[in-house]
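If you read the sequence from its start, that first residue is 1, and numbering goes on from there. Remember, it's 1-based here, ligands and their atoms both numbered in the order they're listed.
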Amino acid sequence: MSTTTRQGAYATGQYRNLLQEYGYAPEAIDARVEACWNGLFGDAPETRIYYEAGEDMGYLLDTGNLDVRTEGMSYGMMMAVQMDRKDVFDRIWRWTMAHMYLEEGPNAGYFAWSCLPDGTRNSNGPAPDGEEFFALALLFASHRWGDGMEAPLDYGRQARKLLQACIHKGENGDGFPMWNPANKLIKFVPNVEFTDPSYHLPHFYELFAEWAEPEDRDFWREAAAASRDYLPIACHPVTGLAPEYAHYDGTPNDERGYGRFFSDSYRVAANLGLDAEWFGGDPRHGEIAERILAFFADKSPDDYRRYELDGKPLEEKSLHPVGLLSTNAAAALAAPGSAHAQAAVRLFWDTPLREGERRYYDNCLYFFSLLMLSGRYRIWEPMQA
Ligand SMILES: O[C@@H]1[C@@H](O)[C@H](O[C@@H]2CO[C@@H](O[C@@H]3CO[C@@H](O)[C@H](O)[C@H]3O)[C@H](O)[C@H]2O)OC[C@H]1O
């Protein structure tokens, strides 16, 4: 069984272009990245998920649910900073601050996880995957473009303030933190004590440990270690499949959520890939990635299903087969020695962006995987003085 042993890009500054290693021409890879960005952020009705709003704002639409989610907004900002599109980044961030930012109540300092496209809130509660992506996208923006003088474009300050709220809320009886202070695991939502394995991004926490407020850095270092330890207990020992929701001991949570392999779970594979790319990878995670690649090797995207964690297929089909095959391809970065890595990447390369109603989640995962596999999902470090 092979595992990742190389040093990550954070240490070396070198990003692996797995697509090129597998024989695709650099020009074709560049063209695919451009075409994909244009497909999502341009005006092609079949694939677009980004819409401008007014003079200086814009949002990503969950086309399947017809709402605007912190998940999509934070993904859009991460995509924009990777593509050097400050104009798009600023539009999305302005919309987020104008409509989603919660000024009062137990969730003050967080963002409402779902709004209508006109800005009306569907909920006054947050979803922590949005906050963690907002924070790192803002830090990258601060490093890549410099901070604006005024809020909300003072990216670095906004990121540090958000990270502080995420771990310190509740200390004065003012709501709940997004990470459990004792075990350092991210929660599904702040006021519950269980988690979503796909929210665990140790590679983000390593960077928060460098750039958050100094007094918070140890916490983030410990959170990275805690999440790396958590994934091996949450993923099935044979299939590598993770449940959507799980308890802190790794067992699936079927009481308060969905303890089987479904849409949220897909992201675990890509998260393992990006952690390996940035920080070199954990051998235990390489094994999970190998198991996932092996599990899907004989399955066709036309027949992807919901699965029990042991791999038993359920009746219902996957809602996001393009997203699933994309994240499986990104898992190859964590398990490049897997016998199934190349086939997963070739399947991805041969699949176009998804069109139609449910395209948002698939195409987000598709674009992130493309950035990862082409060495374009980068760590933006502080500018040299
Ligand atoms: O109960 C909500 C909870 O649903 C919310 O979670 C967010 C929404 O679901 C997650 O992603 C979805 C995966 O399935 C696709 O079909 C959807 O398009 C995706 O949006 C997302 O990661 C979560 O942020 O969190 C808040 C809870 O109160």
Side-chain angles (χ1 to χ4, degrees), residues 40 47-50 59-79 92 96 100 102 105-107 110-117 121-137 162 166 175-179 186-201 204 241-246 253-271 304-307 316-327 353-369:
L40 269 57
T47 54
R48 72 182 297 187
I49 55 173
Y50 170 73
Y59 60 84
L60 280 84
L61 180 70
D62 181 333
T63 54
N65 294 297
L66 298 179
D67 65 352
V68 179
R69 301 183 166 203
T70 48
E71 168 199 67
M73 298 298 269
S74 61
Y75 285 3
M77 285 163 57
M78 182 59 83
M79 292 168 186
I92 301 173
T96 302
M100 302 177 122
L102 296 163
N107 290 312
Y110 297 148
F111 296 87
W113 78 274
S114 165
C115 287
L116 294 177
R121 281 186 199 146
N122 289 325
S123 158
N124 279 319
D129 57 335
E131 273 71 1
E132 57 185 350
F133 264 86
F134 281 136
L136 191 60
L162 176 56
C166 286
F176 299 90
M178 288 189 162
W179 271 257
I186 188 169
K187 303 176 186 181
F188 171 60
V189 289
N191 62 348
V192 302
E193 292 301 341
F194 64 90
T195 186
D196 175 329
S198 77
Y199 287 10
H200 290 255
L201 306 176
F204 281 30
L241 301 183
E244 283 208 315
Y245 307 140
N253 183 353
D254 260 327
E255 306 82 53
R256 295 286 310 275
Y258 195 67
R260 302 188 176 90
F261 181 83
F262 197 46
S263 310
D264 277 28
S265 319
Y266 303 173
R267 298 178 289 208
V268 171
N271 296 340
Y304 284 164
R305 306 292 184 91
R306 288 190 193 228
Y307 298 97
E316 196 185 338
K317 292 232 178 174
S318 164
L319 282 181
H320 303 292
V322 172
L324 177 51
L325 70 85
S326 301
T327 53
L353 280 173
R354 182 166 181 183
E355 299 186 354
E357 197 183 302
R358 289 228 173 251
R359 66 188 181 276
Y360 149 84
Y361 190 62
D362 295 83
N363 288 350
C364 284
L365 300 184
Y366 186 102
F367 192 45
F368 276 141
S369 293

**Student:** Which residue holds the protein heavy atom closest to atom 27 (C) of ligand 1, what is that atom called, and what is the gap in Å?
**Tutor:**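 Heavy-atom neighbour on the protein nearest atom 27 (C) of ligand 1: Val189 CG1, 3.8 Å.
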**Student:** What atoms in ligand 1 come closer than 4.0 Å to a heavy atom of Asn65?
**Tutor:**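 Atoms satisfying the 4.0 Å criterion: 18 (O).
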**Student:** With the side chain counted from C-beta on, respond yes when Tyr304 and Leu325 share a heavy-atom pair under 4.5 Å apart, and no when they do not.
**Tutor:**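 Yes, at least one pair of side-chain atoms sits under 4.5 Å.
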**Student:** Just need the protein heavy atom nearest to atom 10 (C) of ligand 1, so name the residue and atom and give the distance.
**Tutor:**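 Protein heavy atom with the smallest distance to atom 10 (C) of ligand 1: Asp264 OD1, 3.3 Å.
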**Student:** Check ligand 1 against Ala127 and write out every atom of the ligand that is under 4.0 Å from a heavy-atom position of the residue.
**Tutor:**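 Listed by number with element, the hits are 24 (O), 25 (O), 26 (C).
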**Student:** Closer than 4.0 Å to some heavy atom of Tyr199 - which atoms of ligand 1 meet that?
**Tutor:**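 So the atoms of ligand 1 that pass are 6 (O), 23 (C), 24 (O).
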**Student:** Could you identify the single nearest non-hydrogen protein atom to atom 28 (O) of ligand 1 and state the distance to 0.1 Å?
**Tutor:**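 Nearest protein contact, heavy atoms only, for atom 28 (O) of ligand 1 is Trp113 NE1, 3.7 Å.
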**Student:** Would you mind telling me if ligand 1 is within reach of the side chain of Thr70, the backbone, both or neither, using heavy atoms under 4.0 Å?
**Tutor:**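 No part of Thr70 comes within reach of ligand 1.
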**Student:** What protein heavy atom sits nearest atom 14 (O) of ligand 1, and how far away is it?
**Tutor:**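 Checked against all protein heavy atoms, atom 14 (O) of ligand 1 sits closest to Ser263 CB, 3.5 Å.
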**Student:** Does the side chain of Tyr258 come under 3.5 Å of the side chain of Arg306 through a donor N or O and an acceptor N or O?
**Tutor:**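 Yes.
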**Student:** Name the closest protein heavy atom to atom 12 (C) of ligand 1, giving the residue it belongs to and the distance to 0.1 Å.
**Tutor:**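 Atom 12 (C) of ligand 1 sits closest to the protein heavy atom Glu71 OE2, 3.6 Å.
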**Student:** If you measure every N/O of Tyr360 against every N/O of ligand 1, is any gap under 3.5 Å?
**Tutor:**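 No: no nitrogen or oxygen of Tyr360 is under 3.5 Å from one in ligand 1.
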**Student:** Which heavy atom of the protein is the closest neighbour of atom 3 (C) of ligand 1, given with residue, atom name and distance?
**Tutor:**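 Checking every protein heavy atom, the shortest distance to atom 3 (C) of ligand 1 gives Phe188 CZ, 3.7 Å.
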**Student:** Given 3.5 Å as the limit, does a donor-acceptor pair link the side chain of Asp62 with the main chain of Asp67, or not?
**Tutor:**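 Looks like no, no N/O pair under 3.5 Å.
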**Student:** When you measure from atom 18 (O) of ligand 1 to every protein heavy atom, which one gives the shortest distance, and what is it?
**Tutor:**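 For this ligand atom, the closest protein heavy atom is Asp62 OD2, 2.7 Å.
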**Student:** For atom 24 (O) of ligand 1, what's the nearest protein heavy atom and its distance?
**Tutor:**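 Nearest neighbour among protein heavy atoms for atom 24 (O) of ligand 1, to 0.1 Å: Asp129 OD1, 2.8 Å.
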**Student:** Does any N or O of ligand 1 fall below 3.5 Å from an N or O anywhere on Tyr245, backbone included?
**Tutor:**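 N/O-N/O distance under 3.5 Å: no.
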**Student:** Using a 4.5 Å cut-off on heavy atoms from C-beta on, say whether the side chain of Leu40 contacts that of Leu60.
**Tutor:**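 Heavy-atom side-chain distance check fails, nothing below 4.5 Å.
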**Student:** Heavy atoms only, cut-off 4.0 Å: how does Glu244 contact ligand 1, side chain, backbone, both, or neither?
**Tutor:**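 Answer for Glu244: neither.
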**Student:** Assign the ring pair Phe194 / Phe188 to parallel, tilted or perpendicular, where the plane angle (0 to 90°) is split at 30° and 60°.
**Tutor:**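 Rings of Phe194 and Phe188: parallel, as their planes differ by under 30°.
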**Student:** In this structure, which one of Phe111, Tyr110, Trp113 forms a ring pair (Phe, Tyr, Trp, His ring centres under 6.0 Å) with Phe134?
**Tutor:**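 When Phe111, Tyr110, Trp113 are each tested with Phe134, the ring pair (Phe, Tyr, Trp, His ring centres under 6.0 Å) holds only for Phe111.
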**Student:** For ligand 1, does Leu319 get within less than 4.0 Å through its side chain, its backbone, both, or neither, judged by non-hydrogen atoms?
**Tutor:**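 Neither part.
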**Student:** Which is it for Phe133 and ligand 1 at heavy atoms under 4.0 Å: side chain, backbone, both or neither?
**Tutor:**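 Phe133 to ligand 1: no contact under 4.0 Å from either part.
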**Student:** Strictly distance-based, threshold 3.5 Å: is any side-chain N or O of Tyr307 a donor or acceptor partner for the main-chain N or O of Arg305?
**Tutor:**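 At least one qualifying donor-acceptor pair exists.
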**Student:** Is it true that a side-chain atom of Asn124 and a backbone atom of Asn107 form a donor plus acceptor pair closer than 3.5 Å?
**Tutor:**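 Flag not set: sc Asn124 to bb Asn107 has no pair under 3.5 Å.
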**Student:** Has ligand 1 got any nitrogen or oxygen that is less than 3.5 angstrom from a nitrogen or oxygen of Arg69?
**Tutor:**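 Yes, Arg69 has an N/O under 3.5 Å of an N/O on ligand 1.
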**Student:** Report yes if His320 has an N/O atom closer than 3.5 Å to an N/O atom of ligand 1; otherwise report no.
**Tutor:**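 Min N/O separation from ligand 1 is below 3.5 Å for His320.
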**Student:** Measure the shortest side-chain to side-chain distance between Cys166 and Pro128 over non-hydrogen atoms and say whether it is less than 4.5 angstrom.
**Tutor:**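 No - every pair of side-chain heavy atoms lies 4.5 Å or more apart.
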**Student:** Distance from Cys364 atom SG to His320 atom NE2, nearest 0.5 Å?
**Tutor:**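 Nearest 0.5 Å value for the SG-NE2 distance: 10.0 Å.
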**Student:** Kindly indicate whether the side chain of Arg359, heavy atoms from C-beta on, has any atom under 4.5 Å from the side chain of Ile49.
**Tutor:**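 Answer yes - side chains close enough.
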**Student:** Going by the order shown, which atoms of ligand 1 are within less than 4.0 Å of some heavy atom of Arg267?
**Tutor:**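 So the atoms of ligand 1 that pass are 22 (O).
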**Student:** In terms of side-chain heavy atoms, does Ser318 have a donor or acceptor partner in Tyr266 at a distance below 3.5 Å?
**Tutor:**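 Note: Ser318 and Tyr266 side chains meet the donor-acceptor criterion.
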